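See structure below.
Remember, predicted model here, so these are calculated numbers, not experimental data. In what follows, every chain begins at residue 1, and chains take the letters A, B, ... in the order their sequences are listed.
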Number of protein chains: 2
Amino acid sequence: MTALDVAREAGVSQSAVSRAFTPGASVSEKTRTRVLAAAEKLGYRPNPLARSLMHGRSGIVGVGVGNMENPFFVRTLELLATALDAAGLRLMLFPATRDHDAEPSLQEVLHYRIDALVLLSVNLSSNLADQCRKARVPVIHFNRTSADAGTSSIIGDNAAGARTIAAHLLAGGHRAMAYMAGTPDSSTNRQREEAFTAALLSAGLPAPIIEHGHFTHEGAMAATRRLLLREDRPDALFCANDTMALAAISVARHELGLDVGREISIVGYDDVPMAAWPGFALTTFSQPCEGMVARTVEMIEALRREPESHAHHVAQGALVVRSSTRPVVARAR
Amino acid sequence: MTALDVAREAGVSQSAVSRAFTPGASVSEKTRTRVLAAAEKLGYRPNPLARSLMHGRSGIVGVGVGNMENPFFVRTLELLATALDAAGLRLMLFPATRDHDAEPSLQEVLHYRIDALVLLSVNLSSNLADQCRKARVPVIHFNRTSADAGTSSIIGDNAAGARTIAAHLLAGGHRAMAYMAGTPDSSTNRQREEAFTAALLSAGLPAPIIEHGHFTHEGAMAATRRLLLREDRPDALFCANDTMALAAISVARHELGLDVGREISIVGYDDVPMAAWPGFALTTFSQPCEGMVARTVEMIEALRREPESHAHHVAQGALVVRSSTRPVVARAR
DNA sequence: TTGAAAGCGCTAACAT
DNA sequence: ATGTTAGCGCTTTCAA
């Protein structure tokens, strides 16, 4: 079924068919309905591939995802798939894991004349950033910021989150704090680490002990062991995401026999579904995933009509207190 | 950068450029290298959109995914993204959840002239199946079978898995068995349920008590409560996937105070990463995800050259015994 | 083997 | 407001 078939059926020219399917085109109401009826009858829909060949945009959004081990990104991906779908856009997924070099994949994706590129916690090499700029493909960093000019970003307020967590642990009477870092070169990790450290310092405490868990379960298990087998074992641990915090709970409880929430407090970040399970009851800072995804799609739509309208959005979250942290003690006066 | 630019640079015709990039085309080695050099220099790659306009295939594989709550499918998706990428194919993801009617999304995806459609535990309406057949788009069901003729499938050997689980529970001395079903209309659920029931019957036991958990965490929590608050409480529970089994462990242990692995045995299916966590130590039947994905991509490649070559593959798995089930007792003679 | 030329299904100037 | 025409970047006859 091509536009020509519909044109014949409706007794109009082929371009009339095209116009009938183009939002702001100059067609009389009469021909439009006539064409739409014929199209309906023949089961015709304009071919997006042919269409994109003309105006250089395919209606596809490229989405690069790194760590799918983290349920927060899985949820994000799921919401994004639904939201893009509702917006009439297609989602082209490509792997962007650290080991499997993402460059060739992304380059390939770029050839599909994508309307936008969304990166879920993935860094963009400056080389690729250049290519996107030249190809006029807007880039949106999700849960990460980038130094590249001209890109957009959606992040949570990491500094506020880290400060809230610090305050909660301090109020619980903790003094020996540790921070389990994610990948050191991610803005998300840096912002959380810096704000947490600053909050401790300004409370008159030393900087936290730091171990690197690389945002993964495996990495966090090893980091937890290093941390909790020290002579000067910390009694509070802030992990830069929930995936690591859940691993830390496992190790603390099952390998080291610690009573989590009494002998040691553990806090995460994201509030993934598992954090609420009774076996974990993880205190964590919740990020508003739905809202962040909605903002992402709004940005894409804005970028489609105004390619230079990049923006940076910071979403607010909230601390969800469960029993993996010591209850707040009444402050002595 | 178009083929014409490259043609000028190489001093050949534009069609020579096209031929240089077409695998079995008739070009002299001389011109081919000449063209490839020019392309390299100019950073040219043929535009897949324009290419697909001609031969009706876009190099995109549509992937529909239902339940992303299940880490097994997340892992499958991740592996599939990588494997397709390595095969030079793009992955177009669309939501196919039960509530959000997948028909319009899929229809839209079909317009991109996809090379194949992969459905991860998703049923295809016969209407859509028809459309795929007419559009000559091969359909591959992953972890599910379908009655539609002409579609392919990749599944695990559900009957063997269920029988192995039944044998394991019987060897543990259990006599009061329950089965937590997934969605009743899925082939996967039916096969597991039927084989489990048959195994019990042939051992002289009654059919298992059945409750429906719909393959979800929430559904499984409710089902577990119904099951374990009965007068005649079962002492062994086979859940049709790990997501439900983990929920069952949570409820049994934290809400009902049961000692999982002694007072009640719980078994899952899939062997997701969490099953190995010490807090769960879930006995489960492992499905070879990597192999199943590799097979899927092989099928796609076969289908690309031989559109009628649909096939059905059954992968073998293995029982992974952990401590959520009672140890096997030495049989009295 | 190679180049010229005719589309693939559509959009967008250009006429009318 | 509508039809005619010229492409978008590529593949594929058809001649040479």
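Legend: residues meeting ring pair (Phe, Tyr, Trp, His ring centres under 6.0 Å) with F21(A), ordered by chain and number and at least two apart, are Y44(A). Not a single salt bridge (charged side-chain N to carboxylate O under 4.0 Å, His left out) links E69(A) to another residue, sequence neighbours left out. Shown here are the side-chain hydrogen bond (donor to acceptor under 3.5 Å, both in side chains) partners of S152(A), two or more places apart in sequence or in another chain: there are none. Remark: T33(B) pairs with no residue by the side-chain hydrogen bond (donor to acceptor under 3.5 Å, both in side chains) rule, at least two apart or across chains.
The separation between M54(A) atom CE and dA6(D) atom P is 14 Å, rounded to whole Å. L53(A) places its CG atom 12 Å from the C1' atom of dT11(D), with the value rounded to the nearest Å. Between the CZ atom of R51(B) and the P atom of dC8(D) there is a distance of 19 Å, given to the nearest Å.
Annotation: side chain of F142(B) is not in contact with side chain of L77(B) (no heavy-atom distance under 4.5 Å). Proximity of M292(A) to L79(A): side-chain heavy atoms (C-beta onward) are nowhere separated by under 4.5 Å.
For residues 7-20 of chain A, every residue pair satisfying the side-chain hydrogen bond (donor to acceptor under 3.5 Å, both in side chains) rule, not counting sequence neighbours, is listed here: E9(A)-K41(A), S13(A)-S15(A). Among residues at least two apart or in separate chains, there is no salt bridge (Lys or Arg N to Asp or Glu O under 4.0 Å) pair with a member in residues 25-38 of chain B. Applying the salt bridge (Lys or Arg N to Asp or Glu O under 4.0 Å) test to every pair with at least one member in residues 109-123 of chain A, sequence neighbours left out, gives these pairs: D115(A)-R304(A).
Counted by atom type alone, R295(B) and H313(B) present one or more donor-acceptor pairs between their side chains at under 3.5 Å. No side-chain donor-acceptor contact under 3.5 Å links R144(A) and T188(A). For the residue pair T145(A) and S187(A), a side-chain donor N or O sits within less than 3.5 Å of a side-chain acceptor on the partner.
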Are there any protein N/O atoms within less than 3.5 Å of an N/O atom in nucleotides 3-5 of chain D, and if so, which ones and at what distance?
{"from": "dG3(D)", "atom 1": "OP2", "to": "S13(A)", "atom 2": "N", "distance (Å)": "3.0"}
{"from": "dG3(D)", "atom 1": "OP2", "to": "S13(A)", "atom 2": "OG", "distance (Å)": "3.1"}
{"from": "dG3(D)", "atom 1": "N7", "to": "R19(A)", "atom 2": "NH2", "distance (Å)": "2.5"}
{"from": "dT4(D)", "atom 1": "O4", "to": "S15(A)", "atom 2": "OG", "distance (Å)": "3.3"}

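Read 5' to 3', the first and last nucleotides of DNA chain C with an atom closer than 4.0 Å to a heavy atom of chain A are dG9(C) to dA13(C).
Within the nucleic acid shown, S26(B) comes within 4.0 Å of at least one base atom, counting heavy atoms only. Residue S28(B) is in sugar-phosphate contact alone, with no base atom involved, counting any heavy-atom pair closer than 4.0 Å across all strands shown.
Between the axis at the start and the axis at the end of the helix from dT1(C)-dA16(D) to dT16(C)-dA1(D) there is an angle of 40°, using five pairs per end and rounding to 10 degrees.
Residues from residues 32-49 of chain A that place a heavy atom under 4.0 Å from any atom of DNA chain D: there are none.
Sequence order on DNA chain C of the closest nucleotides to K30(B) and F21(A) puts K30(B) first from the 5' end.
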N/O donor-acceptor pairs under 3.5 Å from side chains in residues 128-136 of chain B, not counting sequence neighbours:
{"from": "D130(B)", "atom 1": "OD1", "to": "R133(B)", "atom 2": "NH1", "distance (Å)": "3.1"}
{"from": "Q131(B)", "atom 1": "OE1", "to": "Q107(B)", "atom 2": "NE2", "distance (Å)": "3.2"}

